[in-house]
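Below: the structure, in structure tokens.
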Amino acid sequence: MTDGTVSFGDHRYKRMSGSVGPDVVDIRKLYADTGMFTYDPGFTSTASCQSALTYIDGDEGVLLHRGYTIGELAEQSNFMEVSYLLLNGELPSAAELNRFTTTITRHTMVNEQLAQFFRGFRRDAHPMAIMCGVVGALSAFYHDSTDIHDPAQRVIASHRLIAKMPTIAAMAYKYSVGQPFLYPDNSLSYTGNFLRMTFGVPAEPYVVDPIIERAMDRIFILHADHEQNASTSTVRLAGSSGANPFACIAAGIACLWGPAHGGANEAALNMLREIGHPERIPEFIARAKDKNDPFRLMGFGHRVYKNYDPRATVMQKTVREVFAAMKVSDPVFDVAIQLEELALKDDYFAEKKLFPNVDFYSGVILSAIGFPTSMFTALFALARTVGWVAQWNEMITDPDQKIGRPRQLYTGPTARPYVALDQR
Ligand code: SDX
């Protein structure tokens with residue numbers, strides 16, 4: 001994986017190649033050799049780690065999880081199988097999948113005390129505020145799986161996080177609508193269980209709609225992992241200090257909440273609703289292009305994809321399938337379709353290579369299923385937990401990894417003497 005070197009002044013640095021994608025220059029000795037740092041705010045040209053989990057070719061619009069395309073996984077796999085793949089590196093046998101699914105199923109309940117945490121929140125608390133608090137609080141309950149140096153504890157913590165996220169997300173929703181929490185039902189699939197905990201009520205049986213179950217499971221697959229995005233990098237950085245996995249995932253949830261990242265799905269649907277009618281689309285496209293207007297097309301653009309986000313393709317297809325099956329329509333979807341068409345014909349978006357991303361269509365289908373927009377990012381966090389956990393495990397076992405501690409270009413005052421108050 002190593003061939004050649006790259007020169008920097010009088011020094012030469014190892015050039016490393018991965019299995020596919022850009023090479024990297026190993027600059028770990030650059031400061032010691034030159035007394036200089038690299039400068040890369042936002043890490044647009046920086047590889048923070050080696051990883052075998054997910055590969056993105058932004059120019060070609062390719063997304064692979066352990067070598068399998070997102071299109072094939074979304075079409076032919078399911079979220080439990082993709083979770084196993086991300087965690088273990090290979091597609092499971094039937095027996096392995098059954099064992100993994102049963103293990104996850106058996107961890108879906110949360111400590112009964114945890115329900116008390118919800119009572120402390122206002123009913124109108126944003127579900128992501130609740131998720132940040134409650135997931136971080138898991139550290140206070142599962143002491144038998146917080147030792148990151150014990151492989152067995154890492155596995156249990158990983159399973160607990162993947163299993164309990166749907167329960168916590170459903171509890172956040174139930175609390176916001178004043179309905180009682182439902183316990184998990186082990187006879188249901190991972191996704192079916194989540195739908196029942198969210199939309200079921202104790203007063204009557206809840207029958208999982210297989211069309212919705214399949215669509216939701218596919219949406220989870222589309223959000224499972226995505227290389228070293230902001231929230232994954234947050235989880236890795238938190239984990240690099242030795243923090244326990246529950247605290248690290250809570251940090252990832254906090255980062256995902258931002259509208260430039262996972263919060264974009266909520267912002268995108270709010271934007272589409274604000275546009276309201278196709279005749280208002282040119283007005284919003286003009287605003288998005290106006291340098292003096294902070295408005296951006298939410299659900300558009302991406303740091304890595306300079307082509308169509310392959311997840312958006314699957315998401316749009318899923319919207320059409322679900323709408324046809326449910327015999328529903330939503331004028332917001334028509335606005336989204338026409339907004340995409342007009343934007344992609346516009347030189348501004350073409351020159352800057354701005355295409356719809358995973359968040360552009362997801363809100364349309366989540367809204368049709370019955371989720372309030374405030375739950376959209378919580379659903380993203382639910383699905384991304386397996387990616388965060390897989391990346392965290394990979395980091396912990398990476399011999400190259402050490403505590404993350406970037407440096408800076410200092411632009412503040414140089415040393416100066418203190419001035420007493422009566423002298424100022
Ligand atoms: C996710 O990293 C990941 O993988 C994230 C994610 C994942 O799965 O983890 O894929 C999930 O977060 C998807 C992205 C969701 N966010 C949004 O949809 C919010 C809207 N999009 C952006 O704010 C923006 O596109 C980012 C944040 C996604 C990417 O920003 P970059 O890479 O830092 O690019 P940039 O802000 O430097 O923009 C480049 C140019 C700028 O113009 P110039 O200053 O060069 O003239 O493109 C413009 C921007 O103004 N631009 C947009 C735009 N996005 C970028 N202009 C209008 N509308 C937009 N949406």
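Every value quoted in this text rests on a predicted model; they were computed, and no experiment measured them. Just so you know, ligand 1 is whichever comes first in the structure, and atom 1 is the first atom listed for that ligand. What's counted below: heavy atoms across the whole structure, side chains too, no hydrogens, waters or symmetry copies.
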Q: Hey, can you tell me if Phe371 and Phe199 have their rings parallel, tilted or perpendicular (30° and 60° cut-offs)?
A: tilted
Q.
Heavy-atom contacts with ligand 1 below 4.0 Å: which residues, ordered by chain and residue number?
A. His226, Asn229, Pro259, Ala260, His261, Ala264, Ala288, Lys291, Arg296, Leu297, Met298, Gly299, Phe300, Gly301, His302, Arg303, Arg311, Tyr348, Lys352, Leu354, Asn357, Asp359, Phe380, Arg384
Q: Report the residues that fulfil side chain to side chain donor-acceptor pair (under 3.5 Å) with Ser367, sequence neighbours left out, ordered by chain and then residue number.
A: Arg273
Q) Phe121 vs Phe118 aromatic rings, parallel, tilted or perpendicular, using cut-offs 30° and 60°? A) perpendicular
Without placing hydrogens or testing angles, list every side-chain donor-acceptor pair under 3.5 Å for residues 343-350, not counting sequence neighbours.
from	atom 1	to	atom 2	distance (Å)
Asp346	OD1	Lys289	NZ	3.3
Asp346	OD1	Tyr348	N	2.8
Asp346	OD2	Lys289	NZ	2.8

Q) Given side chains that start at C-beta, do those of Arg320 and Phe333 come closer than 4.5 Å, heavy atoms only? A) yes
(Q) Holding to side chain to side chain donor-acceptor pair (under 3.5 Å), I want the full list of residues that pass it with Arg280, two or more places apart in sequence or in another chain. (A) Glu283
